[in-house]
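Convention: sequence-line order gives letters A, B, ...; per-chain numbering from 1. No hydrogens, no waters, no symmetry mates; every other heavy atom, side chains included, goes into these values.
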There are 2 protein chains.
Amino acid sequence: MDINFSNQMPIYVQIMNLIKLDIVTKKLRGGDKLLSVREMSENLKVNPNTIQRAYQELEREGITYTQRGMGTFVNDDNDMIRRLKNEMASETINSFINGMKSLGFDGKEIINIITKRVKEEGI
Amino acid sequence: MDINFSNQMPIYVQIMNLIKLDIVTKKLRGGDKLLSVREMSENLKVNPNTIQRAYQELEREGITYTQRGMGTFVNDDNDMIRRLKNEMASETINSFINGMKSLGFDGKEIINIITKRVKEEGI
DNA sequence: TCTAGTGTACTAATAATATAGTACACTAGT
DNA sequence: ACTAGTGTACTATATTATTAGTACACTAGA
């Protein structure tokens with residue numbers, strides 16, 4: 001695992017997003033254990049404190065829970081996971097629509113661009 | 001003009017984006033003068049040094065030029081402006097497509113979501 | 001009981017961003 | 001020549017993110 005972190009967003013936020021993605025795409029499921037703070041720190045070449053911060057925030061957001069001495073685990077709550085996926089999708093879509101509107105594209109143009117792009121990529 | 005700056009991106013970068021948007025949407029045209037550092041600083045309630053940093057970077061990117069004692073002006077170069085719009089659009093589109101793919105959506109779903117959304121908003 | 005692995009809590013140092021304030025150099029217009 | 005408005009440069013400070021290092025508390029399993 002080797003990642004280029006953007007300098008325009010705190011690394012711990014970017015790490016939170018990585019983990020959220022793993023959860024909504026079922027790479028991590030309810031009850032699964034996250035990598036330990038130290039393991040994750042080595043994997044991502046990031047200071048353990050930064051990982052700890054990410055894990056703390058994830059817990060504060062109700063996405064994970066921690067057991068001292070045991071580890072940090074994904075909450076086994078399908079509603080939460082569904083909500084999380086919806087939130088992340090909404091955010092992605094909103095920022096896209098707003099961005100394109102700001103750039104002066106109208107609905108037709110946006111749909112055309114996306115349709116063309118989807119065909120090109122074959123997704 | 002009153003803006004909520006996000007805390008997850010340097011303010012000078014966000015200001016650069018505001019100005020780039022004005023350029024690609026023709027609110028600012030080639031040869032037009034930007035607000036002076038001091039005016040912009042008052043408008044946005046931001047320290048003059050932050051504006052200066054934004055203007056410096058814009059010049060470094062070839063988007064504006066400055067004349068000491070005169071002001072900062074948009075480069076009168078239609079190719080540059082076209083390129084800028086394409087760049088900004090590409091970035092918006094790429095991050096959207098990548099985001100949705102990461103979230104597990106396929107092409108059909110993406111198109112459906114966008115189509116529905118465009119109809120709802122009537123844009 | 002011991003040990004390895006876990007989360008957690010500190011203090012400290014560094015770098016980047018943003019703010020604050022001052023001063024200087026250049027230009028246009030009077 | 002003078003003045004107002006411009007970009008620019010500089011020092012200093014506060015805040016935040018990140019790194020660095022250390023230590024402690026808890027848990028499971030040998």
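- Using modelled atom types, one side-chain atom of A:Ser41 and one backbone atom of A:Val46 make a donor-acceptor pair closer than 3.5 Å.
- Proximity of A:Thr66 to the phosphate of C:dT6: no side-chain N or O atom is located under 4.0 Å from OP1 or OP2.
- Between A:Thr72 and C:dT6 there is no side-chain N or O to OP1 or OP2 distance below 4.0 Å.
- Under a 3.5 Å cut-off, the side chain of A:Thr115 and the backbone N or O of A:Ile111 do form a donor-acceptor pair.
- The closest donor-acceptor contact from the side chain of A:Gln52 to the backbone of A:Val37 lies at 3.5 Å or more, if one exists at all.
- Hydrophobic clustering, with ILVMFWY side chains joined whenever heavy atoms are under 4.5 angstrom apart, keeps B:Phe73 apart from B:Leu34.
- Side chains of A:Glu59 and A:Thr66: a donor on one and an acceptor on the other come within 3.5 Å.
- Atom CE in B:Met9 sits about 15 Å away from atom P in D:dA17, given to the nearest Å.
- Atom CG of A:Leu35 and atom C1' of C:dG7 are 14 Å apart (whole Å).
- In this structure, the side chain of A:Asp32 engages the main chain of A:Arg29 through a donor-acceptor pair within 3.5 Å.
- Atom CD1 in A:Ile51 sits about 15 Å away from atom C1' in C:dT8, given to the nearest Å.
- B:Met40 places its CE atom 14 Å from the C1' atom of D:dG7, with the value rounded to the nearest Å.
- The side chain of A:Glu59 sits closest to C:dT8 out of C:dT8, C:dA18, C:dG7.
- Applying the side-chain hydrogen bond (donor to acceptor under 3.5 Å, both in side chains) rule to pairs touching residues 69-78 of chain A yields nothing, sequence neighbours excluded.
- Between the C1' atom of C:dA18 and the OH atom of B:Tyr55 lies a distance of 17 Å, rounded to the nearest Å.
- Among D:dG7, C:dT27, C:dT8, the nucleotide with an atom closest to any side-chain atom of A:Gln52 is C:dT8.
- Nearest approach of A:Thr92 to A:Met88, heavy atoms of both residues: OG1-O, 2.8 Å.
- Where A:Gly71 and A:Gln56 meet DNA chain C, the nucleotide closest to each residue was compared, and A:Gly71 sits on the side nearer the 5' end.
- Residue-to-nucleotide proximity on DNA chain D shows that, of A:Arg53 and A:Gln67, the 5′-proximal contact is made by A:Arg53.
- Of the possible polar contacts, one joining the A:Glu39 side chain to the A:Ser36 backbone as a donor-acceptor pair under 3.5 Å is found.
- When the local axes at the two ends of the helix from C:dT1-D:dA30 to C:dT30-D:dA1 are compared, using 5 base pairs at each end, they differ in direction by 10° after rounding to 10°.
- Rounded to an integer number of Å, the gap from OH of A:Tyr65 to C1' of D:dT27 is 14 Å.
- Within a 6.0 Å radius of CD in A:Glu42, no more than 12 heavy atoms belonging to other residues, nucleotides or ligands are found.
- OP1 or OP2 of C:dT19 lies within a sub-4.0 Å distance of a side-chain N or O belonging to B:Thr50.
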What are the atom names and distances for every N/O pair under 3.5 Å that joins the protein to nucleotides 20-24 of chain D?
from, atom 1, to, atom 2, distance (Å)
D:dA20, N7, A:Asn49, ND2, 3.1
D:dA20, N6, A:Asn49, ND2, 2.8
D:dG21, O6, A:Asn49, OD1, 3.4

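- Across the protein-nucleic acid pair, A:Tyr12 atom OH and D:dT16 atom C1' stand 9 Å apart, rounded to whole Å.
- Distance, B:Glu39 CD to D:dG7 C1': 13 Å, rounded to whole Å.
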